[in-house]
Amino acid sequence: MPPELIVGLPGTFATPGFSSALHPDPEPVSPPVLVARALSRDFGLRHAVREVSLTLARGEVLGLLGPNGAGKTTTMQMITGNLAPTAGEIQICGIDLLDHPTRAKARIGYLPETPPLYRDLTVDEFLRLAARLHRVPKARVVAAVAQAQRRCGLTDMSARRIGALSKGYQQRVGIAQAIVHEPDLVVLDEPTVGLDPNQIREIRTLIRELADDHAVILSTHILPEVETVCDRVQILHQGQVVYTDNIAALKQYRGGHALTIALRRPPGVEDLKGLPGVRNVETLSAERFRLFHEADTDPAEALVRRSVERDWGLVELTPVETTLEEVFVHLTQSDSAELPAP
Amino acid sequence: MIFTIAAKELRALFNAPLAWVVLAVLQVILAWIFLVSLDRYIALQPQLVQYPNPPGVTEFIVAPMFGSGAVVLLMLVPLLSMRLIAEERRNQTLTLLISAPVSMTEIVIGKFLGLALFLFAVVALMAVMALSLIAGGKIDFGLLAANVIGLTLLGGAFAAIGLYISSLTANPVIAAVATLASLLVLWLVNMGAPDPGSVLHLISLIKHYESFAKGVIDTGDLAYYVLLIALFLLLAARRLDRDRLAS
């Protein structure tokens, strides 16, 4: 989805405390799939989640990003009714989750961090059970199970016992379980953790497909994952939302502004500094350097040309990927400047 | 929805070898008791006819067999009830039920019904064994029915207590041991109370079974089991709900 479509979405509030500003918003025609306002959850004295607000419309994929222990899982457990929030409210398609839990839960599909699979059942049996539990009418169960299996690529595995499946297929069964009743909201907690790269790619493709007719929330601590599958991202840090925006804006933060290079016959540091756009040079070893550059100029091309001209022997050129932690540091430091004030 | 969960529990029981082993062992033990008392009845029959009102074959064979069945159930139910919630909690599969549009009460009642149906099958097999006596004589259907009802209720009470204890822990073995201990305590609690009016008789699991064994369906005893089952199911549902709320 191009960014301009996302920016204007109704009710996209960014920071804690913003919920009061929601009031003057015009009522949308159909309520968003998920509205969570100022969710907080304490465990004893520890504030696991503080004032987290989320809004999600059909067709969107929202990424919840954060390091381990940031409150992603707690937030998802609250949205799916597995955990009661200490404060805040949750509406699924306009139905209050806390007041009408069964009606609201019928519209949610949830894949927890550990997929809740009965290992003794076959894929077919398990998905039929999941469909029945989610109140799929008896007459439609077989069709619903077949469709979920088709979407998750499980058709050939339908008669296999879940316990005998590989981790990747078990994960797919977990996702199939979450979508078998055609929920409005699909909540996936770390759906790609522990999978091999091929499986990760398949699952990501599947999630993108799901977004066609569901609203999807997924959590991850892997930055590139958010970029490939999500339309919007909320970054949680120590239980609070530190960043809400579309993906394009995140990419800017993440863009690096640094290159790691290795040269067989390095010139002096001054020569490197003379490259256009280079702000600073850090010497990593005799042959390896890190070039810091301005956000809008990439000195890579000039560097390669000069390396050939002057025979520096360029053997490595890697853009430095900003880690999640660095993004956090950046975000928390630039808090007042770049985020709308609460 | 309750029946979906009950059916799932029954299926889980029969998917594992435990249920089959339990059924087989139970049948062997009870058949042995049945055979021995039948043997004794045949040996004693010539003397019994001299009494003015001799005990019938049902009273002589079936009631003691159901009494032994009660003891066997006491030991078996903890093995069957331990996994109901504790194992789901350990395997983190409880999330499937809690995320589904199902209330905690429905989850608990469904799980209870699943196990109760299994126990009813055990009792039904015993009834079939007793009915085989028709081949050689007349049996007292009223007494048999009272025994079936009594043992089913007793098994239900065991199951409800086991289910509640299973909801307290994530370790099935601990659930099994604690359930067995609790059942034994509730079974034997009136042993040291010679006074027939003692409150200990009131809470004893076995005391209320005695009238059923004699063929009497006492509403008080009936109410005791029904209330006991309801109480522990309610406690289990509250315990599950507390997982969601606890801090």
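Both backbone and side-chain heavy atoms feed into the values below; hydrogens, waters and symmetry mates do not. Throughout, a chain's letter reflects where its sequence line sits, starting with A, and its residues are numbered from 1.
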* **Heavy-atom pair of closest approach, residues B:Gln92 and A:Thr114** => OE1-OG1, 2.8 Å
* A:Asn82 versus B:Ser99, side-chain donor and acceptor atoms under 3.5 Å -> yes
* Asked: Taking everything shown except B:Phe3 itself, do over 12 heavy atoms lie less than 6.0 Å from its CZ?
  -> no
* **Where B:Thr95 and A:Pro116 come nearest, the two heavy atoms and their spacing** => CB-CB, 4.4 Å
* Heavy-atom pair with the smallest gap, counting every atom of B:Thr4 and A:Arg132 -> CG2-CB, 3.6 Å
* **Engaged part of A:Gln177 at the chain B interface, taking heavy atoms whose separation is under 4.5 Å** => side chain
* To do: Please look at B:Asp241 and chain A and tell me whether the side chain, the backbone, both or neither of the residue comes under 4.5 angstrom of a heavy atom of that chain.
  => neither
* Asked: Are the side chain of A:Lys105 and the backbone N or O of B:Ile98 linked by a donor-acceptor pair below 3.5 Å?
  -> yes
* Nearest-0.5 Å distance that lies between atom CZ in B:Arg244 and atom CG in A:Leu83 -> 8.5 Å
* Structure fact -> Rounded to the nearest 0.5 Å, the CZ atom of B:Arg11 sits from the CG atom of A:Leu129 at a distance of 8.0 Å
* **B:Met1 versus A:Leu133, closest heavy-atom pair with distance** => SD-O, 3.5 Å
* To do: Give, as side chain, backbone, both or neither, the part of A:Pro112 having an atom under 4.5 angstrom from any heavy atom of chain B.
  => side chain
* Structure fact -> Among B:Ser103, B:Ala7, B:Ala100, the residue with the most heavy-atom pairs under 4.5 Å to chain A is B:Ala100
* Indicate the atoms forming the closest heavy-atom contact of A:Arg135 with B:Val102, along with that distance. => NH2-CA, 4.4 Å
* Asked: What residue, out of B:Asp243, B:Leu94, B:Asn91, B:Leu97, has the most heavy-atom pairs lying under 4.5 Å from chain A?
  -> B:Leu97
* To do: Can you tell which part of A:Glu125 gets under 4.5 Å to a heavy atom of chain B, answering side chain, backbone, both or neither?
  => side chain
* Applying side-chain contact (heavy atoms from CB on, under 4.5 Å), run through A:Tyr110 and B:Leu96 and close with a yes or a no. => CA-CA 8 Å; A:Tyr110 177 36; B:Leu96 180 75; over 6 Å; no
* **Residue pair B:Thr93 / A:Leu117: nearest heavy atoms and the distance that separates them** => CG2-O, 3.3 Å
